[in-house]
Peer 1: 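Dumping the structure here so I can ask a few things about it.
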Amino acid sequence: MNVTLALVLFMLAVAGNFGGMLALSTILGPKRRNPVKDEPFECGSLPVGPNEGRFHVRFYMVAMLFLIFDIEVVFMLPWAMIYKTDLKAYGFFAMAVFFTVLVFGLIYEWKRGGMEWD
């Protein structure tokens, strides 16, 4: 089978699965609207105040810091497992470039004050 045909068939299957789930949730889902059920729900407590406030930038900085360390661990663990057997010098330099990008992200976080906890 041609690779392009297989890819097209896979995309059609994914689109069909998505459309089917969307249609089933619309058909089988609840129909009765209720003002209480339409209110925003936040961890079991009623929301207080208007919804016009913004998140503080520190929230995004912490999220960026988490992503930097999370991506680092996710990619470095498998690399470390197969480093000696398959990767050799090419794998070392590829990971050095990857690690350098992550270090620049960490330095950016540090300079922006993402490491300071108030």
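Count residues from 1 along the sequence.
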Peer 1: Measuring from Phe75:CZ to Asp70:CG, what's the distance to the nearest 0.5 Å?
Peer 2: 10.0 Å
Peer 1: Working to the nearest 0.5 Å, report the span between OG1 of Thr26 and CE of Met21.
Peer 2: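 If I round to the nearest 0.5 Å, the distance is 12.0 Å.
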Peer 1: Measure the shortest side-chain to side-chain distance between Phe66 and Val62 over non-hydrogen atoms and say whether it is less than 4.5 angstrom.
Peer 2: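 No. Closest side-chain heavy atoms not under 4.5 Å.
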Peer 1: Working to the nearest 0.5 angstrom, can you tell me the gap between Thr4 OG1 and Leu9 CG?
Peer 2: 11.0 Å
Peer 1: Establish whether Val101 and Leu67 are linked, either directly or via other cluster members, by ILVMFWY side-chain heavy-atom contacts under 4.5 Å.
Peer 2: no
Peer 1: Nearest heavy-atom pair of Glu72 and Phe98: which atoms, and what distance?
Peer 2: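 Smallest interatomic distance, heavy atoms only, reads CA-CE2, 4.3 Å.
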Peer 1: Which is it for Phe69 and Val73 under the side-chain contact (heavy atoms from CB on, under 4.5 Å) test, yes or no, and what are the steps along the way?
Peer 2: CA-CA 6 Å; Phe69 286 118; Val73 169; 5.6 Å; no
Peer 1: How many angstroms lie between CG in Leu102 and CD1 in Ile107, if you round to the nearest 0.5 Å?
Peer 2: 11.0 Å
Peer 1: What's the spacing between Phe99 CZ and Phe92 CZ if we round to 0.5 Å?
Peer 2: 10.5 Å
Peer 1: Rounded at 0.5 Å granularity, tell me how far CG in Leu22 sits from CD1 in Ile27.
Peer 2: 10.0 Å
Peer 1: Check the surroundings of atom NZ in Lys111: do more than 12 heavy atoms from other residues, nucleotides or ligands lie under 6.0 Å from it?
Peer 2: no
